[in-house]
Amino acid sequence: MSRNMLGRRQSLLGLTAGLGALSMPFIQTARAAGTPVKLVTSWYAQAEFGGFYQALAKEYYEREGLDVTIEAASPQMNVPQLLAAGRADFITGYDFQLLSAVASGIPLVAVASTFQHDQQGLMTHAGVTDLQQLKNHPILIASSSHATFWPWLRKRSGYAEEQARPYSFNLQPFFFDKTMAVQAYASSELWDAKLKGMAVEFFLFKDLGYPPYGAPMVTTQQMVKTDKGKVNSFVKASLLGWNDYFKDPTPGNSLILKANPNMTLEHLTFGYEGLKKADVLLSDDVRTKGLGAMTTARWQATRDFMVSQNLLPADADWKSAFTTEFVDNLRIMPT
């Protein structure tokens, strides 16, 4: 099944309901005993989580005294729900989702970025050179995207609301209709198009001014207050894993392939090369502050973006949604 990193993120409504029905399909655990830590990723094991699996494979977590379990979410799971309910210690999150949670009084907090920019974009058929060419064309949009990038994209490109068509992560309508576009993530929808032998274009929203970080590491305010050592150790080992992953992904990829029986080496390699080409770990901030860097200015840009799109109350306590104390103290420089 194809997936989209933005569209797959679940609504924050019903955050405290339905925990008994949730299950964890894929699990990888550190080999040595230590302080138990559970990381829940926002989708099945794939290249976008490679650094965490690399940290597991190369025993970076073990060296920090952590016994880490990586659990991969299924499409039906509300990952912030697990964190808020105490069934995870860390999750891979999303800036919009996190700020909305904090505005609703849910005490979550980002402690490091994974990627310096979100990898969300729009996939079109070949020949499209400007997104304004899609005026009056159907665009497949997931329901959750109506509360994230779609209001901005619609205004920016002059689209009409009725252009949005429901996206259920089935690309057959896109393959059939050459006038159609679809929200996409380079390692997923582009991979499906490649398998189909279809020529496409991809417009990365980051290049158009879309401000969020990509997949921040998120925990609870309580964890930050009561167990700074665990947070520091987890962030450190994870960032070391990410730094190592882009040197030689073999150890991490081996665990990913074991954790996700639906993943192929060809798909994993495609995703890895796309992330590497995009320099997802790097930015000017990282070059001076180290991997995982976050800044108040970047978070404010996302806050201002959401307020301007009526996605966040102007008086929301957005500064409580992140802390830079852990990455600022570590200063793990890219190598």
Side-chain angles (χ1 to χ4, degrees), residues 1-9 24-31 39-61 68-75 77 79 90-94 113-121 123 169-171 182-198 200 202 204 206 214-215 217 237-282 291 334:
M1 172 174 29
S2 176
R3 71 97 181 82
N4 176 286
M5 287 194 77
L6 181 60
R8 73 187 185 220
R9 295 177 173 98
M24 301 292 185
F26 301 126
I27 299 175
Q28 284 287 341
T29 306
R31 291 187 291 273
L39 166 66
V40 178
T41 58
S42 54
W43 196 254
Y44 301 121
Q46 54 192 342
E48 289 82 355
F49 308 120
F52 301 110
Y53 286 95
Q54 188 87 350
L56 203 61
K58 299 294 290 286
E59 300 182 353
Y60 291 130
Y61 292 126
V68 172
T69 299
I70 302 177
E71 297 184 344
S74 70
M77 290 171 59
V79 179
F90 297 91
I91 64 171
T92 56
Y94 183 62
S113 68
T114 299
F115 303 148
Q116 286 295 296
H117 296 282
D118 190 77
Q119 299 301 297
Q120 177 73 51
M123 183 170 74
F169 306 102
N170 177 357
L171 284 175
V182 59
Q183 66 176 64
Y185 198 72
S187 60
S188 291
E189 280 80 3
L190 265 67
W191 170 254
D192 293 331
K194 177 181 173 68
L195 291 180
K196 193 77 172 179
M198 182 165 289
V200 297
F202 181 64
L204 185 65
K206 183 265 290 187
M217 303 176 207
S238 297
L239 293 176
L240 289 173
W242 275 108
N243 195 42
D244 196 85
Y245 185 64
F246 284 110
K247 297 176 184 176
D248 176 10
T250 305
N253 283 351
S254 178
L255 290 186
I256 290 172
L257 291 170
K258 291 178 181 178
N260 185 355
N262 295 316
M263 178 61 64
T264 65
L265 180 59
E266 292 77 14
H267 188 176
L268 186 55
T269 300
F270 181 87
Y272 169 81
E273 293 296 341
L275 293 173
K276 189 173 183 180
K277 182 179 179 181
D279 283 333
V280 291
L281 301 184
L282 300 180
L291 293 172

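Reckoned from all heavy atoms, side chains included, excluding hydrogens, waters and symmetry mates.
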Look up atom CD in Glu48 and atom OG in Ser187, then write down how far apart they are to the nearest 0.5 Å. 3.0 Å
Please identify each residue that fulfils side chain to side chain donor-acceptor pair (under 3.5 Å) with Lys247, with sequence neighbours left out. Thr335
List the atom of Ala57, the atom of Gly252, and the distance in Å for their closest heavy-atom pair. CB-N, 4.2 Å
Shortest non-hydrogen contact between Gln119 and His117, atoms and distance: NE2-O, 3.0 Å
Any donor-acceptor pair under 3.5 Å from Glu189 side chain to Tyr185 backbone: yes
Taking side chain to side chain contact (heavy atoms under 4.5 Å, CB included) as the test, write out the residues that go with Phe270, two or more places apart. Leu190, Trp191, Lys194
Side chain to side chain contact (heavy atoms under 4.5 Å, CB included), paired with Gln54, selected from Leu255, Leu240, Asp244, Asn243: Asp244
About how many Å separate NZ of Lys206 and CD of Gln120, when rounded to the nearest 0.5 Å? 14.0 Å
Not counting sequence neighbours, which residues clear side chain to side chain contact (heavy atoms under 4.5 Å, CB included) with Ser238? List them please. Phe52, Tyr61, Met217, Phe234
Say you draw a straight line from CZ of Phe49 to CD1 of Ile256; how long is it, rounded to the nearest 0.5 Å? 9.5 Å
Do you know the tightest heavy-atom contact between Leu275 and Ala47? CD1-O, 3.5 Å
On a heavy-atom basis, which atom in His267 and which in Ser188 lie closest, and how many Å separate them? NE2-CA, 4.4 Å
Supply the atom-to-atom distance Leu171 CG to Leu195 CG, rounded to the nearest 0.5 angstrom. 11.0 Å
Mind checking what makes ring-ring contact (aromatic ring centres under 6.0 Å, His included) contact with Tyr60, not counting sequence neighbours? none
Can you tell me how far the OG atom of Ser113 sits from the CG atom of Asp118, to the nearest 0.5 Å? 12.0 Å
Which value, rounded to the nearest 0.5 Å, describes the distance between Leu281 atom CG and Thr114 atom OG1? 8.5 Å
Identify the heavy atoms of Ala45 and Ala72 that sit nearest to each other, and give their distance. N-CB, 4.0 Å
Residues in side chain to side chain contact (heavy atoms under 4.5 Å, CB included) contact with Asp248, at least two apart in sequence or another chain: Thr250, Pro251
Test item: side-chain donor near acceptor, Tyr53 and Asn253, under 3.5 Å: no
Tell me if a side-chain donor or acceptor on Thr41 pairs with a main-chain N or O of Thr92 at a distance below 3.5 Å. no
